[in-house]
Amino acid sequence: MPELPEVETVRRELEERVSGRKIEKIIVNASRLLRGISEKSFISQVTGTSITGVQRAGKLLIIELSCGKAITVHLKMTGQLVYPGDGKASRVRFLLSGGGYLDFNDRRLFAEIGLTDDWRRIDFVESLGPEPFDVSPAVFHAMLAGRKTKIKPLLLDQTFMAGIGNLYAAESLFRAGIHPAREARSLSAQESGLLLAAISKTLKEAIRHNGSSLDQYVRPSGEKGDFVRFHKVYAKEGRICGRCGGTIKRISLGGRGTYFCPGCQK
DNA sequence: AATGGGACCTGCGCGC
DNA sequence: TGCGCGCAGGTCCCAT
């Protein structure tokens, strides 16, 4: 799933695989994915430049180019970047020097590709909250103070904290023993500390296992991410909780499916 | 500030 | 087998 661990996995693997390569040709099969720029302009500005590095901001991927600009890619729900790709389901293809296409696939056409002069200054990046790894327990507790909203929808708010999505919100709350519908401001300093530690640990372990491949997500190599083996609650409604023997429940919070164990999460 | 709804799309699994 | 429905990881926008 393209949340922080998946996007970070894609970033690392792309950096290994395509850094230094020149983009020799671009084939656009779905121009609607290009946002704020015409197909013609995108192709003319990007063709002939080289990939100098790959960055990540929250769930946004940034492909830096030798011309000083950067391609931004948000995978949304079903986006994939694959190298080398076979072109079978590609929406956009980049032919690289040395051979092989970097393929951008996206079954649902939700993803967004842009071109920017200064990626750190685009609205999406400027509005992002801090990365979970950069927040101290004291700061995190202060961030929750006064917030009446439920903790799980708050974790999904990218302006609150960057990178957490529906899956890792559920898994982190389970690991911290906190009910997803708790008012954010009701968490004690100890509870918020447990939650921050659970978020950090869960995301890092997921990165170590190259992310979670439930449906569409794959690594640039085409391989699946392995972290699904360690999921405790996500998409496990009706299953037995491995910790207390209770039954995993699914509720709807903020319009999103929310999985948790009523026995373990208070 | 918070919550709820719908929108963007395609495709899967389910019940009938 | 066919059909309609609900659901899916993200984000934005509107209304209350």
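Each chain gets a letter, A, B and so on, in the order the sequences are listed, and its residues count up from 1.
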### Task
Sticking with atom P, work out how far B/dG4 lies from C/dC7, rounded to a whole angstrom.
16 Å

### Query
Rounded to whole angstrom units, what separation is found between the CZ atom of A/R108 and the P atom of C/dA8?
10 Å

### Message
Can you tell whether the side chains of A/R219 and A/E6 come within less than 4.0 Å, N to carboxylate O?
### Response
no

### Watson-Crick or G-U wobble partner of C/dT1, both distances under 3.5 Å
none

### Message
Using the rule side-chain contact (heavy atoms from CB on, under 4.5 Å), only one of A/N105, A/V28, A/L109, A/D103 pairs with A/R91; which is it?
### Response
A/L109

### Message
Measure CG/A/L33 against P/B/dC8 and give the value in whole Å, please.
### Response
15 Å

#### Entry: Length of the CZ-P vector between A/R91 and B/dC8, whole Å
16 Å

### Summary
From CZ of A/F110 across to P of C/dC7 the rounded distance in Å is 16 Å

### Task
Starting at atom NZ of A/K150, determine the distance to atom P of B/dT3, rounded to an integer number of angstrom.
5 Å

### Query
Charged N to carboxylate O below 4.0 Å: is that the case for A/E15 and A/R12?
no

### Task
Kindly state whether the ring of A/H74 and the ring of A/F124 have centres lying under 6.0 angstrom apart.
yes

### Task
In whole angstrom, give the distance that lies between atom CG of A/L154 and atom P of B/dA2.
8 Å

### Query
Within less than 4.0 Å of OP1 or OP2 of B/dA2, is there a side-chain N or O belonging to A/R147?
yes

### Message
Closer than 4.0 angstrom, basic N to acidic O: yes or no for A/E183 and A/R185?
### Response
yes

### Message
With a cut-off of less than 4.0 Å, is there a side-chain N or O of A/T78 near OP1 or OP2 of C/dA8?
### Response
no

### Query
Measuring from A/R175:CZ to A/S200:OG, what's the distance to the nearest 0.5 Å?
13.0 Å

### Query
Roughly, in whole Å, what's the span from CG in A/D157 to P in C/dG10?
13 Å

### Query
CZ of A/R250 versus C1' of C/dC7: gap in Å, rounded?
7 Å

### Task
Assign a letter to each nucleotide of nucleotides 11-16 of chain C from its 5' end: B, base within under 4.0 Å of a protein heavy atom; S, sugar-phosphate only; -, no contact.
BS----

### Message
I need the single residue from A/I164, A/I207, A/T9 that forms a side-chain contact (heavy atoms from CB on, under 4.5 Å) with A/L4. Which is it?
### Response
A/I207

